[in-house]
Every structure is written in C-alpha cells, then in structure tokens.
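Input: a single structure, listed below in structure tokens.
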Amino acid sequence: MGLLSQGSPLNWEETKKHADHIRAHGIIQFVNIYNKLKDRQKDVLKWGDEVEYMLVELDDKDEKVRLSLNASDVLDTLQGQGEKINPNHPTLWRPEYGSYMIEGTPGQPYGGTMSEFNTVEGNMGKRRREASSILNQNEILCTITSFPRLGCPGFTNPEYPPTPVESGVSKSLFFPDEAINIHPRFSTLTRNIRHRRGEKVTVNVPTGLFSTGSKSTCWVSVFRDKCTPSPFVEEFPEDDGESARAALPDHIYMDAMGFGMGNCCLQVTFQACSIDEARYLYDQLATFCPIVMALSAASPFYRGHVSDIDCRWGVISASVDDRTREERGLEALKNNKYRIFKSRYDSIDSYLSKCGEKYNDIDLTIDESIYQQLLGAGIDKLLAQHIAHLFIRDPLCTYKEKLNQDDENESDHFENLQSTNWQTMRFKPPPPNSDIGWRVEFRPMEVQLTDFENAAYVVFVVLLTRVILSYKLDFLIPLSKVDENMKVAQKRNAVQEGLFYFRKDIFKSCNPGLDSASSAQNGLETDCTNEDYTLMSIDTIINGKDGVFQGLIPILNCYLENMEVDVDTRCTILNYLKLIKKRASGELMTMAKWMRDFVAKHPEYKQDSVITDKINYDFIVRCDKIAKGEEQCPELIGKPVNKFK
Ligand code: GLU
Ligand code: MG
C-alpha cells in the first residue's frame, strides 16, 4: 500500500507543521525526475500484477473462522526464504494494511511476449502454495475481497477487544488496533487521518456513494430481506456519542480505516515505452475502471451483514476520508484552504493526454502556486494540474529522520503524497536512478477466489492495453460520465442491471499520436457530442450488440487472430476470455452474486441480512476448497481445464 520507510513517524500536529516543506520538496523532486526522464523512450512493455491475501484460521470444533493476526511473521518467513536469499525468486511478498494481510507479486515483471500470458496463473499458484505451505495447520490463505464478519465480536485470532477511546489508533467500536499491521506507517496513517478529519471516519454502507455534494460518507445500506428489522437500527453501548451521531438507520455503520483498507484487491501495473504512451494508457484505462470493477464485484458483506452494494470501492473511500467538515462543505471555510470534492481514495479527476483534455469536465481543485511553479518549470498544463491536484492533500505519514532529503536523488516527499492519493488509476514517474520507466497502475479490481479467475482478469486488462496501443483506439468519454459509471458499478448486480456510458465508435479516435500529449497543438481532434457515447449494459460492452457496439471480446479475438500465439497459450487465453464473456452475459455469476446466493441458501440464514459465525465458517470452508481446486464451482467459474495443478 505504498512507501514503507523506517524511522519515527510524526503525529498529526507535527506533520502539519512540515506539510508545506514536504509538498515543496515533493514538487522539486517531481520536476527533477521529469526533467531527467521526460524524453526517455523505448522502454519495453512490462507489466505485473499484485494480489492481496487474507490469513484465516479455521476452528473446525466451534465452526468459526477468524482472521489470523500473524501476517508479519508469515511475511518475514516468506521474504527470508525467498527474495532475501535469491534475487531471482519467483515471488515477492509485501505487507498490507491488516495484520492478517499479505500482498504477493511475481518476482520479475512480465514482458511483451504472448507466451507470458501462459505463466501468470502458474505464478499465482506458486504464490498461493508458497504462502500456504508455511501457515499453521489450521490456517489458510484466502483471496476474498472483504471478510464477511470483519469487525464482528471475536473476528481475530488472537482475540482483542476494540479500544474505542481517544488514545486508541482507530478509536473504533469494532476494529481492534491489533488488527492493523504493526509497521508504524499503518497506524500512523490511521491515527493521522482521524486527527486531521477531526472525528472518526464514517462508513455507512448505497445510494450516493460518491460525494459530490455535501455528503461525505459512503452510504452502505443493509440489504432488505424479508425479516430484516425495519428500521434497521443498532445500538453501540461503548460509544461516547460520536458513533450515534454518525450512524444512519438502515445502514451498516463502520468507523475505522480497517473496514476499507482491510479489504483485498487485484491490481496491474504497466510500464509504457514513454511518458506520452503512459499518459495515453492512463486515460484510456480510466474509462474501463467502473466496467471491470463491476465485472469483478466480490464484496457484498460488511460487519456481519448483507449490504446493498457489491463492491468495496465506496467503503474504502470513506474509510480513509481525512477531509475536515470545511473541506467537505459542511461548514464555511475558515481553517482550510479548499473545498475538496472527493476522498483521497476515489476515482481520478482529470485525464492526462491531449486527447483527454476536452473531456476534462470535473471541477478540479488545484494548488494554484504549485500549478504555476510546474508550468514555470516547463511542464504542460495537463500534467501540471494533475500534480497540483494531488498536492492539495496534506502528507499523512512522515518520518522525522526523512524530513531533509537530497531532492536530486530521492523522491520520498513526492511519493508521500502520490502514494496516499489512492485513485482508480495511478500515474507513476520512474524512481530516481533506476532503470524503471513511466508506469500506470490499474487499481479498481476486486480480488477473485481462484488463481484462474485472477489470471483471467489480469490477462483481460493487459490484452486491452495491447489492442488500445496497436489499433490506437479511443474509449474516452467525459470524465464526469466515468464517475457516474463508478456509482452504478458498485450497486447490487450492476453487471446484469447497470447501464454504463460507453463510447460507440472507438476507432474514430482523436489522433492519440504518441507525440501529442505534451506538445501544444494537435489538429486532429473530433468533437465529442452526445452522439459519441451512449448507455450500454456490460454485456453489450464486453460481448457486443449489433448496431450498437462491436464488443471488447470480439475486438480482442480479432487481435489474437492476427498474432502469432502458440496453441497452448491461445487455449489459456480463450479460457480466460470465456470467463469474462460469461460473467458479462450473466451465464456465470460474479463472486458477489455467488456469495449472496450462498448465504440466501444457507440453512441457518434467517432472511434477516445477518451472517452468523456458522454461515461465515461454511462460506470460507467452501471458498477454500474451490480455491484449492478440491471442489468445482461451475456456476461461478464454469469448467475450465486446470493445467497448472
Ligand atoms: N487494498 C486496497 C484496495 O482494495 C488497495 C491498497 C493498495 O493500494 O495496495 O483497493
Ligand atoms: Mg496493496
């Protein structure tokens, strides 16, 4: 989840004093990188995936499952027997927010050849087996986006009571501080977000998930089943009054960063061949974020309840929302500089390529003096406003020992703000003095249950980048429409029921001329009128519909036909695309739908939206068997041939 440094982190009061210093040097660091590397060309296409995992303890006697808080030991062992002794080890392991989470990536990035698509699932399998092999007997590794009983009494092993007092980290009524990773970055982020905001974070799990008005929270309503009490109101005996004020009736109320950042996702990072190609890809992929997120929907349950949403996005967004009441528009500006429209974890606010410029229709709050400074340094308007927008935020976690930096050779201050702007896409400048190029990260996907599915989603997205670059496709629509798509994407069953704005003629592109992003003039623009895009179902977007849109899968298939691909790889890719195709058409369920179905059919479920310990146990046991390939689940996955076993 970003930069990990060693040292003594500063509390919010101290961090605040250094905020301008950090921003000023962060900008100098960015300008230095830009000037050194803006003309860098011909980096080869490389990419890699990141999978986040949860460690779960099975208590077969009591039929309970709990999150195991031993991720740091597990991580030490994995790194100690892996990357620390062998630089070519096939897997890399990193900490994540929860002390029950780890993150795994391939040891080396994948390159540009087609046959590498055939190794992704195998590498994911290696990761799963490697981590599983060092767990205790009754522990398992799970790729589930949200743990259904996260924040319910006794959900961790060892068990800890929450500490809902001011001196606590989260001050949560539900989420104990011990469930936060022990690396000080994570507790510092948590506490400083709360202190900056001036109150606990508030997640009310769905309408108006993206606050563009005065609402600052994510509204996660409880799914109204036959016997769900109405109104659905909970009491919080430990509360000092703060939660009672924040919790809404008929919503699942949550009050800690862990409810969001304690969820798992699947990300892909691409290295582009130049900064302009990276900017073009950033924009194009941004339009896919809501679509692919809805297709990957896997998180319908929160704090032991069935919610009315299928994706984690808005929950995480609210869980790290450090904006003050003034910034959220609830009070007149007095102590803060700006009204800020979104959380730090949210969808992107501006396109970066010249082609995207005319679709930048979201109100963009920027730091004006940083913007001018960047323009003065020769950076074009689009990139300058992007950075000046990221830098309206304050740093959240700063180390005393790292305040003074060598701006020519370090980038910690830039990364400090960059890595705590958690957006759907991330534009990543090369680290100083490295051979890494300009990169973009695709961040909206929910993690899937099996390596097969995760590989399928990753390969699907990578293939999309290939066709976008090879055919110079243009998927851009006004960015405000992408935001509307983000709202729709999280709703229950959005894959079947949602309608999404999508471009009709993707071949009629603004010349993405990879030289155009930073050069001022480009004559070949087409005007985007309402005619250029229309509302489509995910089925139409993915599989096509006569007279409306040709469909992404048909386009990918056409691309594959023109590529030299060995038969085995071809077969693997077809299996992956089949999964995506069938998820989009509804022939196969999304994970979210399958989870709802599982609970609805469980004999202990009382149609009251409550997920009991026993339901949770049976659910996780079933997930584990499917993930290990011991049981089939044709309604979710179909019947792919598993060649990696
Ligand atoms: N776990 C977070 C999510 O589900 C992402 C954290 C990260 O940036 O690695 O989106
Ligand atoms: Mg991560």
Side-chain angles (χ1 to χ4, degrees), residues 67 97-98 145-156 161-166 168-177 179-180 190 193-194 197-211 214-225 227-263 299-323 325 328 330 343 345 490-492 599 608-612 616:
L67 293 171
Y97 183 84
T145 295
S146 67
F147 184 71
R149 284 182 59 84
L150 190 77
C152 292
F155 78 101
T156 63
T163 42
V165 291
E166 192 47 49
V169 178
S170 302
K171 201 194 163 196
S172 172
L173 298 173
F174 319 103
F175 195 94
D177 292 341
I180 304 171
T190 310
I193 284 174
R194 176 163 70 85
R197 180 179 164 92
E199 56 193 14
K200 285 199 286 189
V201 293
T202 298
V203 193
N204 276 301
V205 183
T207 56
L209 276 168
F210 284 82
S211 40
S214 60
K215 303 272 172 57
S216 62
T217 43
C218 151
W219 313 109
V220 181
S221 57
V222 67
F223 172 68
R224 305 219 60 86
D225 211 337
C227 308
T228 307
S230 181
F232 170 83
V233 188
E234 292 177 287
E235 283 180 12
F236 312 117
E238 309 265 302
D239 179 27
D240 63 4
E242 192 175 349
S243 292
R245 285 192 297 277
L248 295 178
D250 292 327
H251 288 72
I252 304 163
Y253 167 70
M254 292 171 275
D255 64 350
M257 178 166 170
F259 281 108
M261 283 297 185
N263 294 330
S299 45
F301 307 149
Y302 297 91
R303 200 164 60 70
H305 290 89
V306 181
S307 84
D308 212 18
I309 58 169
D310 273 0
C311 296
R312 79 199 187 290
W313 194 264
V315 176
I316 309 189
S317 178
S319 82
V320 292
D321 190 353
D322 70 338
R323 292 173 303 158
R325 294 177 64 82
R328 281 177 278 144
L330 299 172
S343 163
Y345 185 108
Q490 304 175 54
K491 292 192 173 151
R492 177 161 45 92
V599 169
D608 55 357
S609 312
V610 173
I611 297 164
T612 60
N616 198 30

All side-chain contact (heavy atoms from CB on, under 4.5 Å) counterparts of Val201, not counting sequence neighbours: Ile193, Arg197
Those residues that, when tested against Ser319, pass side-chain contact (heavy atoms from CB on, under 4.5 Å) (two or more places apart): Val203, Ile316
Note: Lys171-Glu242 ion pair, threshold 4.0 Å (strictly below): yes
Gap between atom NZ of Lys200 and atom CE of Met254 - 0.5 Å precision: 12.5 Å
Over all atoms of both residues, closest heavy-atom pair of Phe232 and His251: CE2-O, 3.4 Å
Within 6.0 angstrom of Glu199 CD, more than 12 heavy atoms from elsewhere: yes
Pair Asp321-Tyr345, side-chain contact (heavy atoms from CB on, under 4.5 Å): steps then yes or no: CA-CA 7 Å; Asp321 190 353; Tyr345 185 108; over 6 Å; no
Interatomic distance, Asn263 atom CG to Cys311 atom SG [nearest 0.5 angstrom]: 11.0 Å
Side-chain heavy-atom pair Asp310, Lys491 within 4.5 angstrom cut-off: no
Non-hydrogen atoms of Leu173 and Ser243 that approach each other most closely: CD1-OG, 3.2 Å
Separation between CG of Asp240 and CZ of Arg245, rounded to the nearest 0.5 Å: 7.0 Å
Test item: Ser307 side-chain N/O and Pro300 main-chain N/O as donor-acceptor pair under 3.5 Å: yes
Counterpart residues, side-chain contact (heavy atoms from CB on, under 4.5 Å), relative to Val169 (two or more places apart): Asp177, Ile180, Ser187, Thr190, Arg191
Under 3.5 Å donor-acceptor, Arg194 side chain and Glu166 backbone: yes
Check: Asn616 and Phe147 side chains under 4.5 Å, non-hydrogen atoms: yes
Contact summary for Ser343 and Ser317, nearest pair of heavy atoms: OG-O, 2.7 Å
Geometric class of the Phe175/Tyr97 ring pair [parallel <30°, tilted 30-60°, perpendicular >60°]: tilted
For the student: nearest non-hydrogen atoms of Ser146 and Phe301, plus distance: OG-O, 3.3 Å
Any donor-acceptor N/O pair, Arg224 side chain to Pro229 backbone, under 3.5 Å: yes
Arg323 backbone acceptor or donor facing Arg328 side chain under 3.5 Å: yes
Distance, nearest 0.5 Å, that separates CD1 of Ile611 from CZ of Arg303: 11.5 Å
Verdict with reasoning, Phe174 to Phe236, per ring-ring contact (aromatic ring centres under 6.0 Å, His included): CA-CA 10 Å; Phe174 319 103; Phe236 312 117; 5.7 Å; yes
Test item: Phe155 and Leu150 side chains (from C-beta on) under 4.5 Å apart, heavy atoms: yes
